Amino acid sequence: PGHLDLQEANGLSAYELSLIGGWVSVLLAGLAAAALLRGTLALSERRAAFVSSVTHELRTPLTTFRMYSEMLSCGMVTDEAKRRKYLATLQTEAERLTHLVENVLSYARLERNRRGGRPENLPLADLLMRTTERLGPRAAQAGMELVVDQSSPALAATVRADVAAVEQILFNLVDNACKYAQSATDRTIRVEASCEGRFAMLRVCDCGPGIAQAEARRLFRPFTKSARDAAHSAPGVGLGLALSRRLARDMGGDLRIDAR
């Protein structure tokens, strides 16, 4: 009873605040759903590109295996020089398939957070000696020469590393140099060692044409090579460098490109 003075409310009411909070929550949920959908679609596209490029990559060596094995088993190749040539081709294709399967299996293990390596302490010189045995034949197969620097004082340093992972990284880098530096006048691939602070650095150098800036930005992304790219470029599925960087970082190191 009587007159009641009404005071104007200062600021937003509880109802308005709750309404704004509800709309903000809805907006954030929508953005999160859109980001999740975009990531899922991107992953699906990368996997589809990976499957198509792997299929293309497997088709060529399998066709070679079938054709040459049929010719050899049926006695169609009587010339001994041709027989040795065909057998050498089969060996090359077998090594190519083995390398592809190793990369795919290693990347799958890393994706499932399964680390199969065993780091050990050893001199850097021993690490290079144990990991470069496969590199020389791969370079010779491409008509190139592998030169390992044996004079660096950094070789006396003791490092902790997974020898198998380092070997796989170096093989991927040398394999890339063999494929993409074919046009170089200087057909030398150099492996150099140095120390930077508490880290040892291994550098693989070639004299190829280099990598364009646009390609360098997606160089370490997995599944970036489509079947069309695989058909018009050097053999490979676009997984080697992504795997190599993951292996390096899994050991506490890193893998970088030096455009110089």
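Given the structure is predicted, the values throughout are model-derived calculations rather than measurements. Heavy atoms only: backbone and side chains are in, while hydrogens, waters and symmetry mates are out. Heads up: numbering here begins at 1 and tracks the sequence.
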Q.
The test is salt bridge (charged side-chain N to carboxylate O under 4.0 Å, His left out); show your working for R130 and E120 and say whether it passes.
A. CA-CA 13 Å; R130 291 169 58 178; E120 56 183 287; 3.4 Å; yes

Tell me, do [X] and [Y] make a side-chain contact under 4.5 Å, heavy atoms counted?
{"X": "L87", "Y": "L72", "answer": "yes"}
{"X": "R245", "Y": "L241", "answer": "no"}
{"X": "T188", "Y": "M144", "answer": "no"}
{"X": "L202", "Y": "E192", "answer": "no"}

Reported [atom1]-to-[atom2] distance for the pair [X] and [Y], which is rounded to 0.5 angstrom:
{"X": "L122", "Y": "M129", "atom1": "CG", "atom2": "CE", "value": "9.0 Å"}
{"X": "D162", "Y": "L127", "atom1": "CG", "atom2": "CG", "value": "9.5 Å"}
{"X": "C205", "Y": "I189", "atom1": "SG", "atom2": "CD1", "value": "10.5 Å"}

Q: Salt-bridge test for K179 and D175: reply yes if a basic N is under 4.0 Å from a carboxylate O, no otherwise.
A: yes

**Q.** ILVMFWY cluster, V191 and M251 together (side-chain gap under 4.5 Å)
**A.**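 Yes, it is one cluster - the side chains of V191 and M251 are joined through contacts under 4.5 Å.
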
Q: Treat each ILVMFWY residue as a node, draw an edge where side-chain heavy atoms are under 4.5 Å apart, and state whether M201 and V148 are in one component.
A: no

Whether [X] side chain and [Y] backbone form a donor-acceptor pair below 3.5 Å:
{"X": "S73", "Y": "E70", "answer": "yes"}
{"X": "S152", "Y": "A193", "answer": "yes"}
{"X": "N172", "Y": "Q168", "answer": "yes"}
{"X": "R187", "Y": "A142", "answer": "yes"}

Q: Using the side-chain contact (heavy atoms from CB on, under 4.5 Å) rule, pick out the option among L128, V174, L173 that qualifies with L135.
A: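 Only match with L135 under side-chain contact (heavy atoms from CB on, under 4.5 Å): V174.
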
Q.
Are there over 12 heavy-atom neighbours, none belonging to E80, within less than 6.0 Å of that residue's CD?
A.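 Yes, the 6.0 Å shell around CD holds more than 12 heavy atoms from other groups.
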
